[in-house]
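Input: a single structure, listed below in structure tokens.
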There are 2 protein chains.
Amino acid sequence: MAPHGTGAANPDRLLDHPERADIRLEAVLHACADPMRLLIIQALAADPSTACGEIGLACSKSTATHHFRVLREAGVITQHYRGTAKINELRREDLDAVFPGLLDSLVAAANKQSGKTTEPGSLRG
Amino acid sequence: MAPHGTGAANPDRLLDHPERADIRLEAVLHACADPMRLLIIQALAADPSTACGEIGLACSKSTATHHFRVLREAGVITQHYRGTAKINELRREDLDAVFPGLLDSLVAAANKQSGKTTEPGSLRG
DNA sequence: CTCGTAGTTCGATGGATCTCGTAGTACGGT
DNA sequence: ACCGTACTACGAGATCCATCGAACTACGAG
């Protein structure tokens, strides 16, 4: 038996995302309750469609993978491959539909706390 | 030496609360990311100034104490004694000042998810 | 095919966290 | 003074979580 990566478990490189209806508030909050993941969210809010590596996360690659996964499984972000890179996006529409206003106040709070100036106009593409 | 409760550590029954400026977003989110504590928050949102025991929590008393403490130390609620009862209140003003809109969307999300009808008069003015 | 880049998986470790029962303190009434 | 109610503090057990390094897969370019 191969000691690692049982290989080809997902040949098309597709990723599982929870349906909109399956997004749970506790999971979303838990996902956001981590400084590293909050950073990711801020980065994606400022810059949609960013690859994992493009966000300068101060941790190892495996840790980064872990955090992105937590966010995806909670329904906060979507991920899809683009060549060798993995592109991340906030699930704005879904989150707004399920928990109206939550994401916005969350991002605003994160930006405020980190002293970021989310200048008016950059919020929406 | 008394094996438990070193007694009179706080003769006036005063409780430590973080200052408004010391409230951290991660801590607030983490505090809210628990079903039990989310229940407490919903209860306090619907009914300010409630004693610990008045919320029908499905857990032991020591566990309840623990959850209330987490909420207090995160800056989500205040607690003060009134006779033998301990009264809890949401720190609405402080939270609104530090993270505008967050508490409202949080409570609304919790109510929505739990199918609670947030009294058609209290939310929309 | 080979190499480099991007990200994953596994396994381990150390630290939080949840939960509880038991034993304790504080207050208010009788 | 005594008792009951309300809640706390401690200690233990179980589980979860963040983090890492090492080994691995997948894709693209030359």
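Lettering follows sequence order; numbering is per chain, from 1.
To the nearest angstrom, P of C:dC18 lies 10 Å from NE2 of A:His30. Atom-to-atom, CZ of B:Arg72 to C1' of D:dC7 comes out at 12 Å; the value is rounded to the nearest Å. Look at OH on A:Tyr81: it is 9 Å from C1' on D:dT25, rounded to the nearest Å. Taking atom CZ on A:Arg69 and atom P on D:dT19, their separation rounds to 15 Å, with Å as the unit. If you measure from atom CG of A:Leu57 to atom P of D:dA18, you get 13 Å, rounded to the nearest angstrom. As a whole-Å value, the separation of A:Lys61 NZ from C:dC10 C1' is 16 Å. Look at CG on A:Asp34: it is 14 Å from P on C:dA16, rounded to the nearest Å. A:Glu73 places its CD atom 15 Å from the C1' atom of D:dA18, with the value rounded to the nearest Å.
Put simply, the side chain of A:Arg69 does not reach to within 4.5 Å of the side chain of A:His66, judged on heavy atoms. At a threshold of 4.5 Å between non-hydrogen side-chain atoms, the residues A:Ile55 and A:Leu39 do not count as touching. Counting heavy atoms from C-beta on, the side chains of B:Leu102 and B:Leu25 come closer than 4.5 Å. Using a 4.5 Å heavy-atom threshold, the side chains of A:Leu29 and B:Leu29 count as touching. Contact annotation: the side chain of A:His30 approaches that of A:Arg37 to within less than 4.5 Å [non-hydrogen atoms, C-beta and beyond].
Of the side-chain N and O atoms in A:Thr63, one or more sit less than 4.0 angstrom from OP1 or OP2 of D:dC20. Taking only side-chain nitrogens and oxygens, A:Arg37 comes nearer than 4.0 Å to OP1 or OP2 of D:dA18. Close to C:dC20, at under 4.0 Å from its OP1 or OP2, lies a side-chain N or O of B:Ser60. Side-chain N/O atoms of B:His67 include one lying less than 4.0 angstrom from OP1 or OP2 on C:dT19. Contact check, A:Arg13 against D:dT25: no side-chain N or O comes under 4.0 Å of OP1 or OP2.
Using N1 to N3 plus N6-O4 or O6-N4 for Watson-Crick, or N1-O2 and O6-N3 for G-U wobble, each under 3.5 Å, D:dA29 pairs with C:dT2.
Residue A:Phe68 is classed as having no contact, given no heavy-atom separation below 4.0 Å to the nucleic acid. Here A:Ala64 lies out of heavy-atom contact (under 4.0 Å) with every strand.
Both A:Cys59 and B:Gly53 lie near DNA chain D, and the one whose nearest nucleotide falls closer to the 5' end is B:Gly53.
Across C:dG7, D:dC7, D:dA18, the shortest atom-to-atom separation from the side chain of A:His66 is found for D:dA18. You'll find that the side chain of B:Met36 is closest to C:dT19, out of D:dC7, C:dG7, C:dT19. Listed nucleotides: C:dT5, C:dG7, D:dA9. Nearest to the side chain of A:Thr84: C:dT5.
At a cut-off of 3.5 angstrom, counting only N and O atoms as typed in the model, there is a donor on one side and an acceptor on the other between the side-chain of B:Ser62 and the base of C:dG21.
Nearest approach of A:His17 to A:Arg91, heavy atoms of both residues: CB-NH1, 4.0 Å.
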